[in-house]
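Just so you know, these numbers use all the heavy atoms, side chains as well, and skip hydrogens, waters and symmetry mates.
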Protein chains: 4
Amino acid sequence: MKALINSVRLMGRLGMDPEMKLFDNNRKLARTSLATNEVRRTGSGEKVTDAQWHNLVLWGNNAEIAEKYLKKGKEIAVEGRLTTRSFTDREGRKHFVTEIVVNELLMITKKEQEEKELAAEAV
Amino acid sequence: MKALINSVRLMGRLGMDPEMKLFDNNRKLARTSLATNEVRRTGSGEKVTDAQWHNLVLWGNNAEIAEKYLKKGKEIAVEGRLTTRSFTDREGRKHFVTEIVVNELLMITKKEQEEKELAAEAV
Amino acid sequence: MKALINSVRLMGRLGMDPEMKLFDNNRKLARTSLATNEVRRTGSGEKVTDAQWHNLVLWGNNAEIAEKYLKKGKEIAVEGRLTTRSFTDREGRKHFVTEIVVNELLMITKKEQEEKELAAEAV
Amino acid sequence: MKALINSVRLMGRLGMDPEMKLFDNNRKLARTSLATNEVRRTGSGEKVTDAQWHNLVLWGNNAEIAEKYLKKGKEIAVEGRLTTRSFTDREGRKHFVTEIVVNELLMITKKEQEEKELAAEAV
DNA sequence: TTTT
DNA sequence: TTTT
């Protein structure tokens, strides 16, 4: 609820099925990754697709929805908060991981659409 | 110009003066870091400030403005694009760096305000 | 390019084909209307769809895209600037019209999807 | 909580003190108006400030904050939902009113800043 | 690691 | 005036 301070909005396709984790206090966590594909033109005028990968983290009800409906290849839109945590590897080097903690999730690939696509493929 | 696909908005204070870099083709680059301070309540009801640090990258005209006006401690708002690049360190370990490439920059700390503050301090 | 000051983002379906207008200086204008459908729960727990209608205004290249690809019923996402203009009617009463001047336009209904849907319907 | 469907972000100064209204069920409402000032250049290169006025509506806790802290001339940032309602005037003509129902409110003019400004003015 |  |  502090979207004026820190807010990320992304639209793209999932690179993997969500990985689920259940905590002691029954809190559910889902992790997945999202590709954003931005088309840009090079100096010589060619179209290039610039894929960026983003780590998504979903808690509670968003994690439930992720578990039920999110699959590799599906298109979604998310709004969330940008966070960075650090950890130290076995060699003592510090690493940073930036993640989007999702507040809001919207399916772009609709259920009916999936069904229609399957029907079309079956012809 | 693909803000519907990938867009970040942040408001906070700079943790450092911008570091400038000039490239062969005369393109200017500025790097700095921004803290967002989100106030949240713990389970026991205490107020905690959750500071997140973000890497900002500014090109061209935005870099010029950064060079002239951005200083450690100043409050700004930015809109940009979320990007992640990776590099391999000397030990062969892969690292990821997530950065916000700034499209738009707004000074929250205004010049008049700075002057008034200085005047007030001088009393 | 002042999205930090004034920015609207909408996702929904068009209620009409765009109306085109060509000005002397060859500038093209498209007008259309967009419905956003927000699902909310009433006090008694029922699901209600709250449709809001928004006036969209598109200039230049966005107007070209509107003319070619936007049709009643299509789903799109837009980012734009909120503007209000006033006019006085024949009875001398002032009226206000609020419009979103679109900066960025994204088709949610994809071409392939339309074709697949048509193929599925044809079975 | 449907910011992916319908979201407005504005930053500017208030044109009036909020008008308060208390409903039977103890729900509080505040209304005020916000100006966004966008600087643009004319064809001949002159700087022009384009002021846009927006109607803000605040409910519940946001209304409480508005009542306590919002005053004419103060600078704020808001995130909200774009809504349009219509009414028919005495002459039977339909009018539309577009309003931003505020979800989130941030003071840009800070308390310390006000105090410093007052101190500076008092010199 | 997605998709067209 | 859209759509599910």
Enquirer: Any ion pair linking C/R13 and C/E75 (charged N to carboxylate O, less than 4.0 Å)?
Expert: yes
Enquirer: Within this structure, what is the CD1-to-C1' distance between A/I108 and E/dT3, rounded to whole angstrom?
Expert: 13 Å
Enquirer: Output the rounded distance in Å from CG (C/L10) to C1' (F/dT3).
Expert: 15 Å
Enquirer: I want to verify a distance call: between E/dT3, E/dT1, F/dT3, whose nearest atom is closest to the A/K72 side chain?
Expert: E/dT1
Enquirer: Quick one: A/R40 CZ to E/dT4 C1', roughly how many Å, whole number?
Expert: 17 Å
Enquirer: Report the distance from atom CD of C/E75 to atom P of F/dT4, rounded to the nearest whole Å.
Expert: 10 Å
Enquirer: Have a look at C/G12 and say if it touches a base, only the backbone sugar-phosphate, or nothing, with a 4.0 Å heavy-atom cut-off.
Expert: nothing
Enquirer: Measure from the ring center of A/W59 to the ring center of A/F23 and say whether it is less than 6.0 Å.
Expert: yes
Enquirer: Tell me yes or no: between the side chains of A/R9 and D/S7, is some donor less than 3.5 Å from an acceptor?
Expert: yes
Enquirer: Separation of C/R13 atom CZ from F/dT3 atom C1', in whole Å?
Expert: 5 Å
Enquirer: Step by step, work out the salt bridge (Lys or Arg N to Asp or Glu O under 4.0 Å) result for C/E46 and C/R41.
Expert: CA-CA 5 Å; C/E46 289 164 283; C/R41 301 213 169 254; over 6 Å; no
Enquirer: Once you round it to whole Å, what is the distance between C1' of E/dT2 and CG of A/N37?
Expert: 7 Å
Enquirer: Which residues in residues 46-54 of chain A have at least one heavy atom lying under 4.0 Å from any atom of DNA chain E?
Expert: A/A51, A/W53
Enquirer: Would you kindly give the NZ-to-P distance between A/K110 and F/dT4, to the nearest whole Å?
Expert: 9 Å
Enquirer: Looking at D/R40 and D/D50, does any basic side-chain N land under 4.0 Å from a carboxylate oxygen?
Expert: yes
Enquirer: Whether the D/T36 and D/H54 side chains hold a donor-acceptor pair (N or O, under 3.5 Å, no angle test) is what I'd like checked.
Expert: yes
Enquirer: Rounded to the nearest Å, what distance is computed from the CG atom of residue A/L70 to the P atom of nucleotide E/dT2?
Expert: 16 Å
Enquirer: From C-beta outward on A/S33, which listed nucleotide comes closest to its side chain: E/dT1, E/dT2, F/dT1?
Expert: E/dT1
Enquirer: Indicate yes or no for a side-chain donor-acceptor contact from B/N6 to the backbone of B/L82 under 3.5 Å, with no hydrogens or angles considered.
Expert: yes
